[in-house]
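Worksheet for the structure shown next.
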Number of protein chains: 2
Amino acid sequence: MVDDEKPMSLTRAERRRRSEASILGAARELLAERGFERTTIRGVAERAGVDPALVMQHFGTKDDLFAAAATWSVPIHGLLGAGREDLPHAAIEHVLDAFEDPELRGTAEAVLRSCLTHPAAGTIVREQVLGSAQAAVATTIGGPDAELRAALLNACTLGLSIARYLLAVPALADVDRADLERVLGPALQALVDPT
Amino acid sequence: MVDDEKPMSLTRAERRRRSEASILGAARELLAERGFERTTIRGVAERAGVDPALVMQHFGTKDDLFAAAATWSVPIHGLLGAGREDLPHAAIEHVLDAFEDPELRGTAEAVLRSCLTHPAAGTIVREQVLGSAQAAVATTIGGPDAELRAALLNACTLGLSIARYLLAVPALADVDRADLERVLGPALQALVDPT
DNA sequence: GTCTATATCTTGATAGAC
DNA sequence: GTCTATCAAGATATAGAC
């Protein structure tokens with residue numbers, strides 16, 4: 001019982017870890033490009049360079065694979081640390097950082113791409129992504145309309161993310177950070193300041 | 001050749017017109033609820049109360065059915081007639097009207113629901129919905145950033161539509177028109193006014 | 001014009017050899 | 001641990017009877 005570990009166990013665990021990581025990466029790419037419905041187990045396996053059956057062996061079902069690939073832990077510390085004057089700036093940075101970091105962008109796109117058609121993805125966006133940011137922002141805004149203002153702030157940044165990165169609207173996809181902040185900043189400021 | 005019209009032709013044409021309309025209505029409903037991939041010909045036929053083969057007979061392919069059901073002629077005259085001070089108000093009315101008219105809402109949701117996963121729907125939103133509104137708004141905005149400001153105005157209203165009507169974010173789905181305009185209006189005004 | 005029957009393909013998932 | 005072979009279900013689309 002004690003010494004039944006085989007000498008190859010490290011290699012076995014290592015191989016498993018690697019194939020799991022490559023499967024997860026391939027799944028994220030395809031989910032980001034095509035969404036949940038058009039992403040197939042076979043397609044994921046092919047891009048990962050493994051056998052289709054191996055994907056099922058590791059993750060059980062397609063939904064479980066999605067859940068594993070689309071786990072998006074939103075870093076809201078940037079929003080929490082901001083005062084009311086910094087909030088627009090922080091919010092814009094928040095989304096631009098997520099989509100310009102190659103690591104984060106995959107999962108962010110994977111979740112957003114399917115959020116209108118896949119119930120699980122919709123719940124993630126509604127409750128985790130928008131929900132946590134809304135709660136973090138509402139307290140620093142304050143006032144009677146705090147929740148509404150926070151929700152609208154989120155809606156605008158969500159619209160920007162979708163239009164710029166997922167739909168690739170020309171006028172938004174091409175513009176650089178500085179112009180974006182310069183033009184959008186005052187608008188979000190008006191949203192945050194209760195007049 | 002001249003008199004080969006049958007006496008029943010009116011009935012036949014009428015029946016065809018009716019079944020086509022009911023198929024189109026059922027397709028719009030399901031497309032709005034589930035999106036393109038999860039909408040099946042069988043499901044459309046069942047909801048319309050007709051035979052699945054009849055759907056194909058009328059529309060040829062599933063993509064053609066989508067094209068017919070998701071033809072969204074955006075009424076931008078409200079945006080064209082507005083001056084710079086009225087633009088935020090007109091823009092908000094523009095989206096709220098579309099989603100609160102039961103007739104328009106179906107097609108609007110059908111297009112938006114699939115715009116991230118179905119290429120044709122994405123093109124419609126990018127070029128027709130956002131494109132036409134952007135062109136209409138950019139000229140009244142004027143200045144060097146006109147296109148960018150118009151695109152951002154569109155992105156914000158798109159985000160509002162998605163969050164409120166498709167994702168049903170609580171804080172946005174429950175609020176009424178007046179509050180929405182009161183809070184969002186000044187923000188969009190700041191977006192429109194070049195400072 | 002409408003429906004029955006079916007062809008053809010693709011999907012997610014499983015069983016078992018090695 | 002990995003792959004071959006395959007199942008069962010569901011999809012679009014078509015052919016032909018009525």
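Just so it is clear, the values below take in all heavy atoms, side chains as well, and ignore hydrogens, waters and symmetry mates.
In this structure, B:Glu20 places its CD atom 10 Å from P of C:dT2, rounding to the nearest Å. In this structure, A:Asp51 atom CG and C:dG16 atom P are separated by 18 Å, rounded to whole Å. Between the P atom of D:dA15 and the CG atom of B:Leu54 lies a distance of 17 Å, rounded to the nearest Å. Counting to the nearest Å, the P atom of D:dA13 and the NE2 atom of B:His58 are 16 Å from each other. The CE atom of A:Met56 sits 16 Å away from the C1' atom of D:dT4 (whole-angstrom rounding). Counting to the nearest Å, the C1' atom of D:dT12 and the CG atom of B:Asp64 are 13 Å from each other. One can place CD1 of B:Ile23 at 13 Å from C1' of C:dC3, the figure rounded to the nearest angstrom. The nearest whole Å value for the distance from the CZ atom in B:Phe59 to the P atom in D:dA13 is 14 Å.
Taken residue by residue, residues 39-49 of chain B places heavy atoms nearer than 4.0 Å to DNA chain D at B:Thr39, B:Thr40, B:Ile41, B:Arg42. Sorted by residue number, the list of members of residues 25-37 of chain B with any non-hydrogen atom under 4.0 Å from DNA chain D is empty. The stretch residues 110-122 of chain B has no heavy atom under 4.0 angstrom from DNA chain C at all.
Applying the side-chain hydrogen bond (donor to acceptor under 3.5 Å, both in side chains) test to every pair with at least one member in residues 49-59 of chain A, sequence neighbours left out, gives these pairs: A:Ser19-A:His58. Listed by first and then second residue, the ring pair (Phe, Tyr, Trp, His ring centres under 6.0 Å) pairs that reach into residues 160-195 of chain A are A:Phe99-A:Tyr165, sequence neighbours excluded.
Comparing C:dT2, D:dA13, D:dT2 by their nearest atom to the side chain of B:Arg15 picks out C:dT2. Across D:dT14, C:dA15, C:dA13, the shortest atom-to-atom separation from the side chain of A:Ala53 is found for C:dA15.
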Subject >> Trace of the salt bridge (charged side-chain N to carboxylate O under 4.0 Å, His left out) decision for B:Asp193 with B:Arg149 >> reply: CA-CA 9 Å; B:Asp193 287 338; B:Arg149 291 180 186 275; over 6 Å; no
**OP:** Begin from the C-alpha positions of A:Asp97 and A:Arg177 and carry the test salt bridge (charged side-chain N to carboxylate O under 4.0 Å, His left out) through to its verdict.
**Re:** CA-CA 10 Å; A:Asp97 283 346; A:Arg177 273 176 102 106; 3.0 Å; yes
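Cluster membership for A:Phe59 and A:Ile124, using ILVMFWY side-chain heavy atoms within less than 4.5 angstrom, is not shared.
Of all heavy-atom pairs spanning A:Val192 and A:Arg84, the tightest one is CG1-CG, 3.1 Å. Here the shortest heavy-atom pairing between B:Leu65 and B:Ala27 reads CD1-CB, 4.0 Å.
At the phosphate of C:dT2, neither OP1 nor OP2 sits under 4.0 Å from any side-chain N or O atom of B:Arg16.
The environment of CD in A:Glu46 is sparse: at most 12 heavy-atom neighbours from other residues, nucleotides or ligands sit within 6.0 Å.
Aromatic ring pairs are classed by plane angle as parallel below 30°, tilted from 30° to 60° and perpendicular above 60°; the pair A:His118 and A:Phe36 is parallel.
Salt bridge B:Glu109/B:Arg28: absent, no basic N to carboxylate O contact under 4.0 Å. Using a 4.0 Å cut-off between charged nitrogen and carboxylate oxygen, B:Glu100 and B:Arg164 count as a salt-bridge pair.
Comparing B:Gln57 and B:Lys62 by the nucleotide of DNA chain D whose heavy atom lies nearest to each, the residue mapping closer to the 5' end is B:Lys62.
In this structure, the salt bridge (Lys or Arg N to Asp or Glu O under 4.0 Å) partners of B:Glu33, at least two apart in sequence or on a different chain, are B:Arg47.
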